[in-house]
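Notes follow the structure.
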There are 2 protein chains.
Amino acid sequence: MNSLQHDELGSAAQRERRRRILDATIALASKGGFDAVQMRAVAEQADVALGTLYRYFPSKIHLLVSALGRQFEEADAASGGRPVPGETPHERVMYVLSRATRTLQRDPNLTEALTRAFMFADASVATEIHVVGMHVTRLLMRAMADPSKPFEDHEPTEDDIAIAKVIGDVWLASLVQWVTGRASAADVGKSMDVAVRLLLR
Amino acid sequence: MNSLQHDELGSAAQRERRRRILDATIALASKGGFDAVQMRAVAEQADVALGTLYRYFPSKIHLLVSALGRQFEEADAASGGRPVPGETPHERVMYVLSRATRTLQRDPNLTEALTRAFMFADASVATEIHVVGMHVTRLLMRAMADPSKPFEDHEPTEDDIAIAKVIGDVWLASLVQWVTGRASAADVGKSMDVAVRLLLR
DNA sequence: CCTAGAACAGAAACACGTTCCAGTTTCTCC
DNA sequence: GGAGAAACTGGAACGTGTTTCTGTTCTAGG
């Protein structure tokens, strides 16, 4: 037993390697997008052999979706459970989505890499995908719930969950269209506005 | 000037080659999905050299999205402008979507290949993407409009268009989750039902 | 300290999308 | 029918994701 924070699988050296690999992935993605995340380049920049990279992440898609998951965790930690401003669910959800979308648009290459990987992932990436899906759902649920009510009253209905799922779908589809150059940043905002306005009324 | 039906670019021999290529693409996709559509295999099955295949379709993604476009055209021709049954827009849209989804689920491999290509397409495939987008939008618009009214009264509002776009996005996102094994066929139906019910009321 | 096994490094090899080229066939225009 | 242009063929070759192999280093248990 060592004295580190997490007790997830792996020694300190292994967690360190994993961190370096994900750092290299983010850096390369940020610089050149999906195509620039080349496994040999990631391995070299993370100072790890190619075989080791594949031992940690069994494919490029696993690697990128894992990186996306870590990004969400960092964002989650940074936001630190602050209540979402806004009077209505509509306002709060739009606030959250606008903020997230603005953040993503600040690093288009990174967003392109992560989004495309997410869309291309198949069933073998289910675990990593699930992590990301949970973050998105939680984000939207928090925004939909009334922050002035106590926590116990936030039991979401079936419909709430379904609505959050649909909003997440629209968000993702819009994002894909943006990163693939098929829609402008404004188009993303407009799509989200229409969807949220009609779904949350 | 030749005596053939279409006057689109290309001689009869060229249109014939194009048809053979798309036929081979559909056949291979139907048998083994996205991964089975290998450019060398397509070329061989279409009885065409690899270089020729690339002359007709500059990438695997162009090829698959073009195939998707042709599928829509065939479906369009087969439906032949029959009015959509159903009393309300909700009913009619659900009818159309259920029908389409059932058709897609009958050939999962083909659907997987075409859907993934569509999601992976970047700006260079804009033309082919646009064709597909138009078919989907038209399909949904027809279903939303009241068939008992004359054609001229079907001027769609901004909101109608936006709603159709959102429904299309949700449909696509659900399909992706289905073809990548992250959602069941029933989940797709449920998502569509929620989205359509809430958006068309 | 020693040893068995796991993890890693370095590098070759394979698969498939894509590009390129030399030679041949087909098309177009005179 | 002939000349030049365009399209096609067959095949080699390249890049990148992925696999595999051999030898080395690290780690845990005695």
Side-chain angles (χ1 to χ4, degrees), chain A residues 1-4 7-21 24-25 28-29 31-67 113 116-117 119-122 124-125 128, chain B residues 1-4 7-21 24-25 28-29 31-67 113 116-117 119-122 124-125 128:
Chain A
M1 185 66 190
N2 60 42
S3 62
L4 287 160
D7 53 27
E8 306 197 353
L9 261 57
S11 67
Q14 283 170 336
R15 260 178 287 114
E16 164 67 13
R17 270 203 190 85
R18 188 185 156 88
R19 190 189 58 69
R20 282 210 312 273
I21 291 172
T25 303
L28 287 168
K31 184 174 288 183
F34 187 87
D35 290 341
V37 180
Q38 301 187 356
M39 300 305 269
R40 290 172 180 85
V42 171
E44 186 179 4
Q45 181 151 340
D47 200 26
V48 141
L50 188 58
T52 305
L53 173 53
Y54 272 93
R55 162 179 284 273
Y56 279 75
F57 301 96
S59 80
K60 174 170 174 172
I61 300 295
H62 283 80
L63 174 60
L64 281 165
V65 177
S66 297
R116 295 184 92 167
M119 296 308 298
F120 207 68
D122 65 358
S124 75
V125 203
E128 290 83 355
Chain B
M1 187 65 191
N2 61 43
S3 63
L4 286 158
D7 53 25
E8 307 197 354
L9 263 55
S11 68
Q14 282 170 337
R15 258 178 289 112
E16 165 67 12
R17 271 202 191 85
R18 188 185 157 88
R19 191 190 59 69
R20 282 209 313 273
I21 291 172
T25 302
L28 287 167
K31 182 173 289 181
F34 186 87
D35 290 342
V37 181
Q38 302 186 355
M39 300 305 269
R40 290 175 179 84
V42 172
E44 186 179 3
Q45 181 151 342
D47 200 25
V48 140
L50 188 56
T52 304
L53 173 53
Y54 273 93
R55 160 179 287 274
Y56 279 74
F57 301 96
S59 80
K60 174 170 173 173
I61 300 296
H62 282 82
L63 174 60
L64 282 165
V65 177
S66 298
R116 296 184 91 169
M119 296 308 297
F120 207 69
D122 65 0
S124 75
V125 203
E128 290 82 356

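Predicted, not measured: the structure shown is a model, and the values here were computed from it. Each chain gets a letter, A, B and so on, in the order its sequence line appears, and its residues count up from 1. Scope of the values below: all heavy atoms of this structure, side chains included, with no hydrogens, waters or symmetry mates.
To the nearest 0.5 Å, the span separating CG on B:L28 from CE on B:M39 amounts to 11.0 Å.
Between A:Y54 atom OH and C:dC8 atom C1' there is a gap of 17 Å when expressed in whole angstrom units. Atoms CG (A:L28) and P (D:dG17) sit 11 Å apart, rounded to a whole Å. Atom CD1 in A:I21 sits roughly 14 Å away from atom P in C:dA7 (whole-Å rounding). One interatomic measurement links the two molecules: CZ of B:R20 to P of D:dC8, which rounds to 10 Å at whole-angstrom precision. Taking atom CD of B:E16 as the reference point, atom C1' of D:dA7 lies 16 Å away to the nearest angstrom. Residue A:M39 contributes atom CE, which lies 17 Å from atom C1' of C:dC16 at whole-angstrom precision. Between B:R40 atom CZ and D:dT9 atom P there is a gap of 16 Å when expressed in whole angstrom units. Between the P atom of C:dT18 and the CG atom of B:L53 lies a distance of 10 Å, rounded to the nearest Å.
Between A:R116 and B:D122 the shortest side-chain heavy-atom distance falls below 4.5 Å.
For the OP1/OP2 pair of C:dC8 and a distance below 4.0 Å, the side-chain nitrogens and oxygens of A:R17 include at least one atom meeting the criterion. Using a 4.0 Å cut-off, some side-chain N or O of A:Y56 falls inside it from OP1 or OP2 of C:dC8. Phosphate contact (OP1/OP2 of C:dA7, side-chain N/O of A:T52, threshold under 4.0 Å): absent.
For an aromatic pair to be called close, the ring centres must be under 6.0 Å apart, and B:F120 with A:F34 satisfies this.
When each of C:dC8, C:dA9, C:dT18 is scored by its nearest atom to the side-chain atoms of A:Q14, the top-ranked nucleotide is C:dC8.
When heavy atoms are screened at a 4.0 angstrom cut-off, B:V37 is found touching the sugar-phosphate backbone but no base atom.
Taking 3.5 Å as the limit, the base of D:dT9 and the side chain of B:R55 contain no donor-acceptor pair of atoms between them.
Residues that satisfy the side-chain hydrogen bond (donor to acceptor under 3.5 Å, both in side chains) test with B:S66, not counting sequence neighbours, are absent from this structure.
Each of B:P58 and B:A13 lies near DNA chain C, and the nucleotide nearest B:P58 is the one positioned closer to the 5' end. Mapping B:D47 and B:L50 onto DNA chain D via the closest heavy atom, the residue that lands nearer the 5' end is B:D47.
Atom CD of B:E16 sits in a crowded spot, with more than 12 heavy atoms from other residues, nucleotides or ligands closer than 6.0 Å.
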